[in-house]
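Note: hydrogens, waters and symmetry copies are ignored here, and every other heavy atom, side chains too, is used. Residue indices begin at 1 and follow the sequence shown.
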Amino acid sequence: MRSERRRIWNCLLFAVLLTVLAFVSGGCASAAVTHYVNPGGSIQAAVTAADPGDTVIVRDGTYIENVEVNVANLTLRSEHGSAFTTVFAAANTSDVFRVTANSVTITGFTVRNATDVASGIQLDSVHHCTISGNNVSDNYRGIILYSSSNNTLTGNTVNSNSYHGIWLLGSSNYNILTGNTASNNRHGIFLQSSSNNNLTDNSANSNIGFGIILYSSSNNNTLAGNIANSNIVDDGINLHFSSNNTLTGNTANSNNRTGIYLYSSGNNKLTGNTANLNNWDGVRLDSSSNNNHMSDNTANSNNWDGVRLDSSCNNTLTGNTASNNYRGIELDYSCKNNILTSNIVSDNIYGIELYSSSNNNTLTGNIANLNNNSGILLSSSCNNNTLASNTVSNSIYGIELYSSSNNLIYNNYFNNTNNAVDNSNNIWNSTKISGINIINGSSLGGNYWSDYNGSDTDGDGLGDISVPYNSSGNIVNGGDWLPLVKAGAPPGRWDINEDCTVNFIDLTILSAHWLETTTAPFPRYDINEDGVVNFIDLAILSAHWLETTC
């Protein structure tokens, strides 16, 4: 019995020993290994010898080879960074680094000489890779992601490549590009048929073509805090047949064409971007770029327009600033059903212009100040637009309408050298209703005109003498029948000297002009503006005797 127990006990010990040995053996087999490559050695040989999870460290030096990274979860890095470790393509027709396995990290190399339709670094149908801290320059293409998703590109310098600096194509989706520099390439960063990517704090300056371009159904991407300046031939940021993208806080200045250009691209959101000093427009929505939302962008000192819409509809522009351009905001060639609200356009030649059958748009709460020629201009069959609660001041012409009809213009503030010119048939006031108007009066009706010389006889805040207001005949058909009168001004012309009391001073002034004939603009002592100072004027003055008027 005792020997039987000893035998069982020995078997159990042997089984435990085998289990421990198996565990130790397995643990040793799975331990990550670090491989070192010295100058004169082969990076490719080290990669080939590595297992998933290993690290290959390349010591300082110059290496000439083309490396295929086909080991998953491999880290390939230089020892001291890209300034000390350079890899030149041995065959310039092949990529320097070609990644065909998932979860690969490549960090800290200078990568050059893939000059014949090849790339410095190419990710080919892989996922979850990280490319960081590399200098990928003087190749045909810099970094290319082909059908590769969920990868991260961070802190790379991608300059002076013959074609694209960074190129995502073939449904390369859900990638993160952060803090990369792509300059002096054909195009800086190019997304082609690639969606749901995040581009943050990248710089794409001084490229021959576009700084950043989203092309061919590159949708649902987010661009935030990127800089695309001084690109030599084309635009800073370009969206081409791409929709549902979000652009926030980007800068696109001093480009040869337009700062931010949307072509046939809809449902995008542009917020807080800056597009100044561009050779063409600051921001342009072109060719059925519809249903976009632009808010709080700045577009100053561009040679053409601050913001321009061409043949684009149902867009909303809110709180944008456009100054020192040729035109602040322009709607051109059948731009319809757009809403412009609370934009500031100043120091342009033209503040806001609607041109060529741009119909059914709504302009509310905009400020057009100090524009050299016109605050607001509608021409060439721009019909059925609504302009309300805008402030237009300090221009030669406040608002001009040429061959444009049935526009509703009410509750605006006009204080200009010439407030209005209209050679068509437009509506200059709404129906009188109670409500706070643009000069804080209690009635809504027409517009405030700085040169309106009539008055309000019934205290409702709407002028009822010298109506309709027609800007000295420059509104050729009709005019404003309900001009707004500022609160605190004398409510009637019977307070002739405007000292807030109807008294003997007013009577003395009227007597001094007794039976005098007058012409428009009628002096205040011709109280009823009938062209003669007579008993009718005396009767009106008497009816308000000793009245306090302000």
Side-chain angles (χ1 to χ4, degrees), residues 26 28-59 61-79 82 85-136 139-156 158 161 164 166-177 194 197:
C28 292
S30 63
V33 174
T34 299
H35 307 263
Y36 290 90
V37 181
N38 296 304
S42 170
I43 300 172
Q44 182 65 71
V47 170
T48 301
D51 292 313
D54 286 358
T55 297
V56 174
I57 298 176
V58 180
R59 291 198 161 114
T62 299
Y63 300 81
I64 302 174
E65 54 184 307
N66 303 90
V67 181
E68 181 172 352
V69 184
N70 55 6
V71 178
N73 197 28
L74 179 72
T75 297
L76 176 58
R77 65 177 179 87
S78 67
E79 188 172 28
S82 63
T85 307
T86 300
V87 184
F88 285 93
N92 67 357
T93 56
S94 298
D95 305 324
V96 179
F97 289 104
R98 182 180 182 85
V99 180
T100 57
N102 296 330
S103 303
V104 167
T105 297
I106 298 178
T107 301
F109 295 94
T110 292
V111 181
R112 292 184 173 175
N113 201 43
T115 56
D116 190 357
V117 197
S119 305
I121 300 174
Q122 176 163 333
L123 276 59
D124 191 348
S125 304
V126 298
H127 311 292
H128 304 293
C129 295
T130 299
I131 309 299
S132 64
N134 302 287
N135 185 330
V136 186
N139 304 283
Y140 182 72
R141 296 181 294 252
I143 300 174
I144 178 172
L145 278 62
Y146 177 76
S147 193
S148 295
S149 299
N150 295 291
N151 302 287
T152 301
L153 278 62
T154 303
N156 300 287
V158 190
N161 298 284
H164 306 326
I166 299 174
W167 189 13
L168 280 62
L169 77 159
S171 296
S172 290
N173 306 325
Y174 297 100
N175 299 287
I176 297 173
L177 281 66
S194 296
N197 298 286

With sequence neighbours left out, what residues match Asn92 under side chain to side chain contact (heavy atoms under 4.5 Å, CB included)?
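Only Asn113, Thr115, Asp116 meet the side chain to side chain contact (heavy atoms under 4.5 Å, CB included) criterion with Asn92.
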By side chain to side chain contact (heavy atoms under 4.5 Å, CB included), which residues pair with Asn161, not counting sequence neighbours?
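Result, side chain to side chain contact (heavy atoms under 4.5 Å, CB included) vs Asn161: Asn139, Val158, Asn185.
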Under 3.5 Å: donor-acceptor pair, side chain of [X], backbone of [Y]:
X: Ser148; Y: Leu123; answer: yes
X: Asp54; Y: Thr34; answer: no
X: Ser149; Y: Asn173; answer: yes
X: Asn66; Y: Ser94; answer: yes

Only pairs under 3.5 Å count here: list side-chain donor-acceptor contacts from residues 39-50, not counting sequence neighbours, and write none if there are none.
| from | atom 1 | to | atom 2 | distance (Å) |
| --- | --- | --- | --- | --- |
| Ser42 | OG | Gln44 | N | 3.3 |
| Ser42 | OG | Ala45 | N | 2.9 |
| Gln44 | OE1 | Glu68 | N | 2.7 |
| Gln44 | NE2 | Thr48 | OG1 | 3.3 |
| Gln44 | NE2 | Glu68 | O | 3.2 |
| Thr48 | OG1 | Gln44 | O | 2.9 |

Out of curiosity, [X] [atom1] to [Y] [atom2], how far, rounded to the nearest 0.5 Å?
X: Asn38; Y: Ile57; atom1: CG; atom2: CD1; result: 11.0 Å
X: Asn70; Y: Asn102; atom1: CG; atom2: CG; result: 12.0 Å
X: Thr152; Y: Asn175; atom1: OG1; atom2: CG; result: 7.5 Å
X: Ile64; Y: Phe88; atom1: CD1; atom2: CZ; result: 7.0 Å
X: Ile144; Y: Ser172; atom1: CD1; atom2: OG; result: 8.0 Å

Leu153 and Leu145: CA distance, side-chain angles, deciding distance, side chain to side chain contact (heavy atoms under 4.5 Å, CB included) verdict:
CA-CA 10 Å; Leu153 278 62; Leu145 278 62; 4.0 Å; yes
Sub-4.5 Å side-chain heavy-atom contact between [X] and [Y]:
X: Val104; Y: Val126; value: no
X: Thr154; Y: Thr130; value: no
X: Arg98; Y: Val67; value: no
X: Asp95; Y: Asp124; value: no
X: Asn156; Y: Ile131; value: yes
X: Asp51; Y: Val33; value: no
X: His164; Y: Ile143; value: no
X: Phe109; Y: Phe97; value: yes

Sequence-distant partners of Tyr140, ring pair (Phe, Tyr, Trp, His ring centres under 6.0 Å), two or more places apart
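Ring pair (Phe, Tyr, Trp, His ring centres under 6.0 Å) check on Tyr140 returns Tyr163.
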Using every non-hydrogen atom in the two residues, find where [X] and [Y] come nearest and quote the distance to one decimal.
X: Ala101; Y: Cys129; result: O-SG, 3.6 Å
X: Gly170; Y: Ser194; result: N-OG, 4.2 Å
X: Gly120; Y: Ala114; result: N-CB, 4.2 Å

Enumerate the ring pair (Phe, Tyr, Trp, His ring centres under 6.0 Å) contacts for residues 110-135, please, sequence neighbours excluded, ordered by first and then second residue.
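Those involving residues 110-135 do not exist here.
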With sequence neighbours excluded, what pairs up with Glu79 under the salt bridge (charged side-chain N to carboxylate O under 4.0 Å, His left out) test?
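Result, salt bridge (charged side-chain N to carboxylate O under 4.0 Å, His left out) vs Glu79: Arg59.
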Worked check of side chain to side chain contact (heavy atoms under 4.5 Å, CB included) between Arg112 and Val87
CA-CA 6 Å; Arg112 292 184 173 175; Val87 184; over 6 Å; no
Within the 3.5 Å criterion, strictly below it, is a donor on Ser132 or Thr107 matched to an acceptor on the partner's side chain?
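On atom types as modelled, these side chains qualify, holding a pair under 3.5 Å.
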